[in-house]
**Student:** 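Before anything else, here's the structure in question.
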Amino acid sequence: MKRKLSTQLSLGFALIVLVTVALISLAANVLINHQFEKYVKNQQKEFSDGLAAGLSDQYDPADNGWNLDYIHGFGMYALNDGYIIKVYDADKQVVWDAENHDMTFCHQIMSDIRLRMLEQKPELKGDFITYHYELKQSDALVGYADISYYSPYYFNENAFLFVDSLNQILLVIGLLSLIGAVAAGIILAKHISSPIVKTIEITREISDGNYSVRFASEVRIKELNELAQAVNHMAGMLGEQDALRKRLTTDVAHELRTPLANVSSYLEALIEGVWDPTPERLQHCYDELGRISSIISDLERLRQIEDENLILNREPLDLLELSKGVCLAFEPEFAKKRLTCLIEGESSIISGDKGRLNQVVFNLLSNAVKYSVEGGQIRIQVKDSAANGTLLVEDSGMGIPENDLPHIFERFYRTDRSRNRKTGGAGIGLTIAKAIVQAHSGKITVKSEEGNGTQFIVELPKNDTC
Ligand code: ADP
C-alpha cells in the first residue's frame, strides 16, 4: 500500500519522538528513583546516628542514672518512624527496650513496614537489621544502644506518594511532549510535502499541455526551492519550444503557400492555354520551385545540425581565407544590390570543420546582403589572438530592433520588418550558425541598432579539443 508523503513523514517523526520520549522518561525515572533511594538511605543512617547521640546525652554521670522519661519519649517517637531502640548501661544491663515496653505495637510497626516494602519493592529483599552503638560522653563509655530498622532502606507512606507523583509527572511530561512533537511533525511534514504535492500538480498540468503554470511564491526549503525553480524553468522552456513548434508550422505553411500558389496558378494558365509557355514564365515557375526546395533544405540542415552528435571533420583553417572564399560566391548578389564588400584583418588559423564554418560565414553574409539597403557597405574583419580566432561580419543595413535581439538565434524567429520585406528564409540561418559555432566550443554574439546596421561576432577557440 502506498502512503502519502505527509503521512509517512508524520509517522516517522512520531516514532522517533515516541522512542526518544520513552527513553528520556525511563532514564529520568531510573535516575531520580536511584538518587531518591540513596538520599533516603543516608537520611535513615543519619537519623539512627542522631538517635544514638541523643541517647548518650540521657545519662547523668552525677547520680549515675538515666533520664528514663526522656528515653521513653525518644524511643516511642523513633518507633513511630520504624526505629526499634534498646538501651543498655555500661554493664550491658537493659535500661529501656521498645519491644519490652510495647511488644504488640513494635511487631505491628515491623510487619507494616515489611509488608509495604515487600509489596512495593520486592526486588529489594530487605529486612530489619540491628545496628550497635556505643553511647559515650566526653569519650567515656556510658552505655550501649541497639537500633533496628528496615535496611538497606525503607519508604514510608509519604515517600511512596512522592515517588508515585514523580512518576506521574514524568508520564504527563512525556505525553505532552509526544503530542507537541507529533503536532510539530505534522506541521513540518506538511511544510515539506506541500511543495512536492504542488510540483506534482504543476508537472501534471505541464504534461497536459498547460505551460503557463508556475510556482508563484518562493519555497523556504533550499532544495525544494531549487526544484520549484527547475520546474518553472522547465515549464518556461517547454512553453517556448511549444510556441516555436507552432510558429514553425505556421511559418513553414506560410513560406510554402505563396510559391506553391504561384506555381500552380502559372501551370493552370499554361495547361488551359491561357498563357504561352514562354521561357520567362517557365523560369519564374523554376525560381518558385527553387524557393520551396531551399526552405526544405534549410529545414533538413537544421535537423541535422540540431542532431545531438554533430560530427566535425576538423582541419587547420584560415578564417581570412575562408571568408574570402565565401565572399567570392556572393559577388553576383553584391553587384545586384550595388553593395561594396571589404575584407580586412589578419590570418587566423583555427582547427574547424571547413564545410560547417563556410555555412556560418555564408549565413551571416547572406543576412548582411538581405538586410542591407541598396548601395550599402559590408565589412568582414578577421582578428587573431593566442587563444581565439575572431570573425566580424558588419553591415550598414536596417539593423535589428532591441527587443528582437535576444531572440534572433532562436529557431524560426524573424523580426516583423524582415517578414514584411519577404526576404525569404524561414528564420533558421542564425540558429544553424549558432549551433555550428557552439559545436566548435565558440560563441556568436550580435550588436545592432535599428536603422544603423548590424555586427555579428564569431569567436572560435584555437585549442578546442572537443
Ligand atoms: P532569415 O532566414 O529570416 O534571415 P535568420 O535566422 O538568418 O533567418 O535571421 C533571423 C532574423 O534576424 C531575420 O529574420 C532578421 O529579422 C534578423 N537578422 C538577421 N541578420 C540580420 C542583419 N544582418 N540585419 C538585420 N536583421 C537581421
Side-chain angles (χ1 to χ4, degrees), residues 240-241 243-245 247-259 290-306 323 326-327 329-330 333-334 336-337 339-343 356-381 391-439 443-458:
E240 276 176 30
Q241 290 299 317
L244 278 177
R245 188 177 53 76
R247 206 162 61 208
L248 163 69
T249 323
T250 330
D251 283 356
V252 170
H254 176 81
E255 297 297 335
L256 293 179
R257 190 181 299 117
T258 325
R291 256 177 86 186
I292 296 171
S293 85
S294 98
I295 292 173
I296 291 170
S297 54
D298 262 5
L299 288 169
E300 269 173 359
R301 213 170 299 132
L302 181 65
R303 190 198 54 74
Q304 265 177 22
I305 303 268
E306 288 193 332
S323 312
V326 181
C327 263
F330 272 91
E333 307 276 333
F334 295 151
K336 246 194 248 170
K337 278 182 108 171
L339 300 170
T340 49
C341 180
L342 209 70
I343 304 183
R356 306 280 189 200
L357 289 177
N358 253 326
Q359 178 82 58
V360 174
V361 183
F362 182 92
N363 288 5
L364 294 180
L365 258 184
S366 138
N367 279 350
V369 172
K370 267 194 280 184
Y371 303 110
S372 276
V373 280
E374 254 188 56
Q377 248 205 5
I378 295 173
R379 193 166 73 107
I380 296 176
Q381 203 184 357
L391 173 80
L392 285 95
V393 179
E394 203 176 323
D395 65 61
S396 57
M398 59 200 270
I400 303 169
E402 206 183 325
N403 50 355
D404 285 319
L405 271 180
H407 305 291
I408 56 165
F409 292 102
E410 288 170 13
R411 278 185 288 171
F412 309 109
Y413 193 88
R414 302 178 66 196
T415 64
D416 284 341
R417 287 178 61 187
S418 69
R419 207 174 285 286
N420 292 340
R421 281 162 57 97
K422 301 219 179 304
T423 39
I428 48 184
L430 288 180
T431 316
I432 291 175
K434 187 175 177 182
I436 295 175
V437 172
Q438 281 181 340
K443 66 174 186 190
I444 180 166
T445 46
V446 60
K447 286 180 190 163
S448 184
E449 212 179 287
E450 205 175 351
N452 269 333
T454 305
Q455 186 187 51
F456 282 95
I457 304 138
V458 177

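Start at 1 and go down the list; that is how both ligands and their atoms are numbered. Only this structure's heavy atoms are used, side chains among them; waters, hydrogens and symmetry mates stay out.
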**Student:** Determine whether a donor-acceptor pair (N or O, by modelled atom type, separation under 3.5 Å) exists between the side chain of T431 and the backbone of E410.
**Tutor:** yes

**Student:** Side chains of V361 and L357: does their closest heavy-atom pair fall under 4.5 Å?
**Tutor:** no

**Student:** Heavy atom under 4.0 Å from ligand 1: found in I400's side chain, backbone, both, or neither?
**Tutor:** side chain

**Student:** When you measure from atom 7 (O) of ligand 1 to each heavy atom in N363, N367, V369, L405, which option holds the nearest one?
**Tutor:** N367

**Student:** Regarding ligand 1, does G429 bring an N or O atom to under 3.5 Å of one of the ligand's N or O atoms?
**Tutor:** yes

**Student:** Within less than 4.0 angstrom of ligand 1, does G397 place any heavy atom?
**Tutor:** no

**Student:** For atom 17 (C) of ligand 1, which of T431, I408, V446 has the closest heavy atom?
**Tutor:** I408

**Student:** Would R379 and E394 pass as an ion pair if we require N to O under 4.0 Å?
**Tutor:** yes

**Student:** With only distance considered, is F456 within less than 3.5 Å of ligand 1 through an N or O on each side?
**Tutor:** no

**Student:** Tell me every residue that passes ring pair (Phe, Tyr, Trp, His ring centres under 6.0 Å) with F409, counting only those two or more places apart in sequence or in another chain.
**Tutor:** none

**Student:** Number the atoms of ligand 1 from 1 as they appear, then name those within less than 4.0 Å of a heavy atom of K370, with their elements.
**Tutor:** 1 (P), 2 (O), 4 (O)

**Student:** As an exercise, identify every atom of ligand 1 less than 4.0 angstrom from a heavy atom of I428.
**Tutor:** 6 (O), 8 (O)

**Student:** Out of F409, Y413, Y371, whose heavy atom is nearest to atom 10 (C) of ligand 1?
**Tutor:** Y413

**Student:** Would a 4.5 Å heavy-atom cut-off, applied to side chains only, mark Q455 and I457 as touching?
**Tutor:** yes

**Student:** What residues, two or more places apart in sequence or in another chain, satisfy side chain to side chain contact (heavy atoms under 4.5 Å, CB included) together with N367?
**Tutor:** K370, Y371, L430

**Student:** In the structure I gave you, are the side-chain heavy atoms of T340 and F334 within less than 4.5 Å of one another anywhere?
**Tutor:** no

